[in-house]
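Remember, it's 1-based here, ligands and their atoms both numbered in the order they're listed.
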Amino acid sequence: MTEVQLQEFKLDPDSELRFEVESKNEKVVLEVKSGYAELFGTELVKGKPYEFHTGAKVAVFTWHGCTVELRGKTEVSYVAKETPMVVYLNVHAALEQQRVAAEQESTRGPVTMVVGPGDVGKSTLTRILLNYAVRMGRRPIYVDLDVGQGSISTPGTVGALLVERPASIEEGFSQQAPLVYHFGYSHPGENLELYNTIVSRLAEVIAERCENNKKASTSGVIINTCGWIKGSGYKVLSHAAQAFEVDVILVLDNERLYNELKRDMPKFVKVVYLPKSGGVVERSSTQRAEARDARIREYFYGKRTPYYPHSFDVKFSDLKIYKVGAPSLPSSCMPLGMRAEDALTKLVTVWPSPALQHRLLAVSFAAGPEDDVLHSNLAGFVCVTAVDMDRQMITILSPQPRPLPNTVLLLSELQYMDNH
Ligand SMILES: Nc1ncnc2c1ncn2[C@@H]1O[C@H](COP(=O)(O)OP(=O)(O)OP(=O)(O)O)[C@@H](O)[C@H]1O
């Protein structure tokens with residue numbers, strides 16, 4: 001029997017324990033023995049074991065001091081005394097003041113966008129701010145515009161959630177009734193026109209929902225974005241800021257972006273520069289691809305709580321599969337009144353073929369192709385596991401048993417090999 005590695009750490013107030021689990025099929029169990037600690041804004045329960053698996057990069061922070069035990073093999077584990085948590089807490093306090101004002105004046109709470117290059121801790125800061133807000137009894141809306149590493153639904157989508165309780169340590173925010181729109185790629189640059197269209201649509205729907213939900217409206221919105229900040233990436237961010245009518249932009253660790261936004265945003269938008277945490281771990285493109293894959297696997301099979309997806313056959317004739325975006329033609333070849341960019345948001349019929357194998361298909365809520373498919377949110381995703389051209393059938397992996405809730409499906413570039 002191999003011996004379980006056991007480590008105990010005594011943390012002073014305002015410090016954090018950072019650790020990473022790297023080895024394949026490894027499991028590390030964390031337990032707070034005494035004192036108080038939190039993980040990215042969620043309080044840890046004393047004496048309760050929390051499990052972390054391969055790929056986890058974690059920080060256990062304490063405001064008051066604590067003793068923590070780790071069981072299992074960690075590649076890195078150290079205590080850091082320098083953290084930006086006080087600065088992040090101050091940001092939370094400032095947002096909270098705006099929420100109080102919004103409540104008193106029956107106006108909208110702060111709409112905050114977190115921006116910065118890749119691997120600076122944007123998702124982590126978003127999670128911390130949402131957790132702090134919900135711990136104060138707020139019901140903020142979490143928007144994720146990161147189509148590459150997003151945590152709502154699957155990669156290749158933008159989405160929003162109403163946050164009603166702190167993120168679970170092991171599973172993140174509860175994914176009940178998310179609002180999700182199809183993009184189909186892991187980078188916004190693959191179809192800027194479509195990306196901007198769905199971001200505007202998401203902003204519009206959230207504004208409508210806030211009108212009917214005063215609590216969510218005064219609690220405000222926190223938006224996580226992609227790490228693409230130069231050239232067209234900057235334009236995409238500016239467009240999102242405009243679409244969501246943001247009040248605050250938090251810029252993590254990039255002075256150039258901070259100065260550009262300060263110069264270009266209207267005066268009422270507060271642009272704030274924040275340091276990144278020294279603990280944020282940089283990920284290689286392979287690790288990012290692996291994280292995307294793990295996210296899709298989690299969508300079908302669950303993380304801590306296992307899900308049991310269904311596999312069934314569907315006739316080609318029972319499906320209407322579309323891809324968004326026709327090849328763009330030069331403007332001179334377009335019909336009068338149409339822009340070349342319009343082609344990028346057009347639906348193109350996809351005929352089933354073996355090329356569909358392993359591809360994700362978004363199940364739309366749109367009644368038919370004549371309906372506004374791009375502006376309709378998604379019921380969910382299925383993955384094509386086999387295509388039988390002889391029987392004219394595809395086999396799909398679906399979170400729900402048959403029948404599919406809708407026959408309008410949108411093809412995603414993202415793939416998933418189901419070898420569960
Ligand atoms: N203080 C910390 N200590 C240890 N690990 C951390 C800390 N903060 C964040 N991390 C880890 O670093 C990784 C990158 O952080 P995060 O995903 O927040 O960055 P990001 O800027 O959103 O990345 P992306 O460019 O993919 O959008 C995550 O795995 C996260 O768990």
S.K.: Between the main-chain N or O of P166 and the side-chain N or O of N131, is there a donor-acceptor pair closer than 3.5 Å?
M.R.: no
S.K.: Using the rule side chain to side chain donor-acceptor pair (under 3.5 Å), only one of Q98, K270, R108 pairs with D247; which is it?
M.R.: R108
S.K.: Against ligand 1, does A59 come closer than 4.0 Å with any heavy atom?
M.R.: yes
S.K.: Counting only heavy atoms not in Q400, do more than 12 sit closer than 6.0 Å to its CD atom?
M.R.: no
S.K.: With heavy atoms under 4.0 Å as the rule, classify the contact between K57 and ligand 1 as side chain, backbone, both or neither.
M.R.: both
S.K.: Is S123 touching ligand 1 with its side chain, its backbone, both, or neither, if touching means heavy atoms under 4.0 Å apart?
M.R.: both
S.K.: Contact between E16 and ligand 1, counting heavy atoms under 4.0 Å?
M.R.: yes
S.K.: Can you tell me which portion of R18 lies within the under-4.0 Å heavy-atom range of ligand 1? Options are side chain, backbone, both, or neither.
M.R.: side chain
S.K.: Who's the nearest protein heavy-atom neighbour of atom 8 (N) of ligand 1, and how far?
M.R.: V280 CG2, 3.6 Å
S.K.: Would you check the N or O atoms of G118, main chain and side chain alike, for any that come under 3.5 Å of an N or O of ligand 1?
M.R.: no
S.K.: Output yes when the distance from some N or O of ligand 1 to some N or O of G279 is under 3.5 Å, and no in every other case.
M.R.: yes
S.K.: Please write down residue, atom name and distance for the protein heavy atom closest to atom 12 (O) of ligand 1.
M.R.: V281 N, 3.2 Å
S.K.: Can you figure out which of N224, T225, D253, D119 has its heavy atom closest to atom 25 (O) of ligand 1?
M.R.: D119
S.K.: Nearest protein heavy-atom contact for atom 19 (O) of ligand 1: which residue, which atom, what distance?
M.R.: G121 N, 3.2 Å
S.K.: Among protein heavy atoms, which lies nearest atom 20 (P) of ligand 1, and at what distance?
M.R.: K122 N, 3.4 Å
S.K.: For K46, does the NZ atom sit with more than 12 other heavy atoms under 6.0 Å from it, leaving out its own atoms?
M.R.: yes
S.K.: Does ligand 1 have an atom under 4.0 Å from some heavy atom of R288?
M.R.: yes
S.K.: Indicate yes or no for a side-chain donor-acceptor contact from Q175 to the backbone of S151 under 3.5 Å, with no hydrogens or angles considered.
M.R.: yes
S.K.: Do me a favour and list the nearest non-hydrogen protein atom to atom 9 (C) of ligand 1 with residue, atom name and distance?
M.R.: T124 OG1, 3.3 Å
S.K.: Any donor-acceptor pair under 3.5 Å linking the side-chain atoms of S23 with those of E75?
M.R.: yes
S.K.: Above 12 or not: heavy atoms from other molecules or residues under 6.0 Å from CD of E282?
M.R.: no
S.K.: So is R283 in contact with ligand 1, going by heavy-atom distances below 4.0 Å?
M.R.: yes
S.K.: Given the rule in the side-chain contact (heavy atoms from CB on, under 4.5 Å) test, do I198 and L202 qualify, once you have shown the distances and angles that lead to the verdict?
M.R.: CA-CA 6 Å; I198 55 172; L202 184 61; over 6 Å; no
S.K.: Heavy-atom count check: over 12 atoms from other residues, nucleotides or ligands less than 6.0 Å from Q242 CD?
M.R.: no
S.K.: At the 4.0 Å heavy-atom cut-off, does F40 count as touching ligand 1?
M.R.: yes
S.K.: Looking only at distance, does Q149 have an N or O less than 3.5 Å from an N or O of ligand 1?
M.R.: no
S.K.: Need the ligand 1 atom indices (1-based, order shown) with element for anything under 4.0 Å from a heavy-atom of V58.
M.R.: 4 (C)
S.K.: Within a reach of under 6.0 Å around CD of E208, are more than 12 heavy atoms found that belong to other residues, nucleotides or ligands?
M.R.: yes
S.K.: To check you understand the geometry: which heavy-atom pair defines the closest contact between L70 and S77, and what is its length?
M.R.: CD1-CB, 4.3 Å
S.K.: Should the proximity of D146 to ligand 1, defined as any heavy atom under 4.0 Å, be assigned to the side chain, the backbone, both, or neither?
M.R.: side chain
S.K.: In this structure, are over 12 heavy atoms from other groups packed under 6.0 Å from K27 atom NZ?
M.R.: no
